[in-house]
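Down below is the structure, laid out as structure tokens.
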Amino acid sequence: MADRERLVKTLIDLIRIDSPSGEEDAMDLEVSTRLAALGLEVLHDSYNNVIAKLPGDGEPVMLSAHLDTVEPGRGIRPVVDGDSVRSDGSTILGGDCKSGVSIVLEALTAVVQNGGGHRPVEVVFTRHEEGGLVGAHHLDFSLISAVSGLVFDGEGPASRVSVAAPSQNVVTGNILGRAAHAGIEPENGISAILIAAEILTKLPLGRIDSQTTANVGRIEGGLKRNIIPEQVFIDGEVRSRDNNKLDHYSQKFRDAFQEVADRYPEAKIDLDISNTYQAYNIDANHPTVKMITHALGQVGLEASLEATGGGSDANIFIQNGIVALPVGIGVRSFHTTKETALIPEMLQSAEMCQRVILGTL
Ligand SMILES: [Zn+2]
């Protein structure tokens, strides 16, 4: 069975390896070594995502997590306090997603040590998930045969299964006005900041409806107090679990930019809207949902099938024909310095993962 002490030790060991997005080599080496020691065949695709295979009988199942973490995530000092693991407060914990990686490794260890029959397993540990699902976008799907799987990257307990998630359109705007001395000749300037402000007041932002959200998360522009600002960059997004709404509100963004652009013919206003991932909505009767629900039941948990407002590698896997769903990894407060891993919930997630591998339906 899954072992609590071993699971916690794996989590601590992995957290101590820095792996901010784009710097996953050390984590890659560690997990590849561990997977090979367990008898898996370890491959890398051209993006150096880790793909590892354990032969077995029956339908293969994909078990996934990601190797990178957000910032501040360097020199993390994990502190075990009873049933929880936290950082010292100066960094994130990195439980997202090292709890997920640890859970998969613990379940595999338990299965291999126990011996006996099990399903073929395809482990996929992606790089650079945070901020763009980059590794998943580059994943070589020809190396994977599973059509069903789990993504160990969800907040909360193992029982939380994300069966629906939104599409995301990334919205980037560049505004080029004209610089001028703010005290001597302001009439010769065109303020890009003012244009950006006018655009922002016209955008639908925040929670638009139960399926749709929009945000401008960053603006950057201007040089000095005494210069009419020439340039502004706007970084935003629209998400919806309904693609018609995604299109509708993306068009509202376009209209707002155009309306303001018409009033500033001398300014150059560029807008780019591009889709980064597609929504999914998996039926409760889908075999993947049944597989997860059954395995949760075997460890005494009732599945909670939820719709999320966030995207994950699962969006990309599903776009590529693998219905792999995010499940909880026992972690709270992702992406904050309060991030906490709850050991009993991690253990349940590992036990559920072990049941999936054993495949006793
Ligand atoms: Zn994550």
Side-chain angles (χ1 to χ4, degrees), residues 7 10-11 14-15 17-24 26-28 30-31 47-50 62-74 76 78 85-87 91-107 123-139 149-166 168 217 237 239 276-277 280 292 306-319 322 324-342 345-346 349-350 352-353:
L7 176 61
T10 302
L11 176 68
L14 297 183
I15 285 173
I17 301 170
D18 288 355
S19 65
S21 302
E23 301 173 32
E24 297 91 347
M27 257 296 275
D28 178 343
E30 178 67 23
V31 299
Y47 194 74
N48 272 337
N49 292 301
V50 176
M62 172 176 148
L63 304 175
S64 177
H66 61 86
L67 299 177
D68 61 313
T69 60
V70 296
E71 300 275 13
R74 293 161 198 269
I76 301 171
V85 187
R86 293 187 198 86
S87 74
T91 64
I92 56 152
L93 177 66
D96 167 21
C97 191
K98 284 169 182 172
S99 172
V101 174
S102 306
I103 287 165
V104 172
L105 290 172
E106 178 56 33
V123 176
V124 174
F125 290 150
T126 59
R127 289 179 176 234
H128 209 136
E129 187 267 356
E130 303 289 358
L133 316 180
V134 184
H137 274 293
H138 288 87
L139 185 63
L150 293 85
V151 180
F152 286 88
D153 190 22
E155 217 167 326
S159 54
R160 273 179 77 174
V161 187
S162 298
V163 292
Q168 183 198 44
E237 60 163 31
R239 301 178 185 215
T276 44
Y277 52 81
Y280 66 80
I292 297 171
E306 299 182 7
T308 171
S312 72
D313 281 350
N315 291 64
I316 307 299
F317 298 151
I318 292 170
Q319 264 173 263
I322 304 170
L325 296 175
V327 294
I329 55 174
V331 177
R332 301 293 188 280
S333 306
F334 275 24
H335 299 191
T336 75
T337 54
K338 293 190 166 56
E339 186 183 6
T340 305
L342 302 177
E345 288 188 1
M346 285 183 62
S349 193
M352 179 269 280
C353 184

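Basis for what follows: all heavy atoms, side chains included, without hydrogens, waters or symmetry-related copies. For ligands, and for the atoms within them, numbers begin at 1 and follow the listed sequence.
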Inspect the contact between E30 and K98 and indicate whether a charged nitrogen and a carboxylate oxygen are less than 4.0 angstrom apart. no
Look at the N, O or S atoms of H66, main chain and side chain alike, and state whether any lies under 2.8 Å from the Zn ion (ligand 1). yes
Can you tell me if an N/O/S atom from D96 lies under 2.8 Å from the Zn ion (ligand 1)? yes
Option from D313, V50, I316 for which side chain to side chain contact (heavy atoms under 4.5 Å, CB included) with T126 holds: D313
Do T276 and L133 make a side-chain contact, defined as non-hydrogen atoms from C-beta onward lying under 4.5 Å apart? no
Just verifying a value: how many Å separate M346 CE and L7 CG, rounded to the nearest 0.5 Å? 4.0 Å
Among the N/O/S atoms of D153, the Zn ion (ligand 1) lies closest to OD1
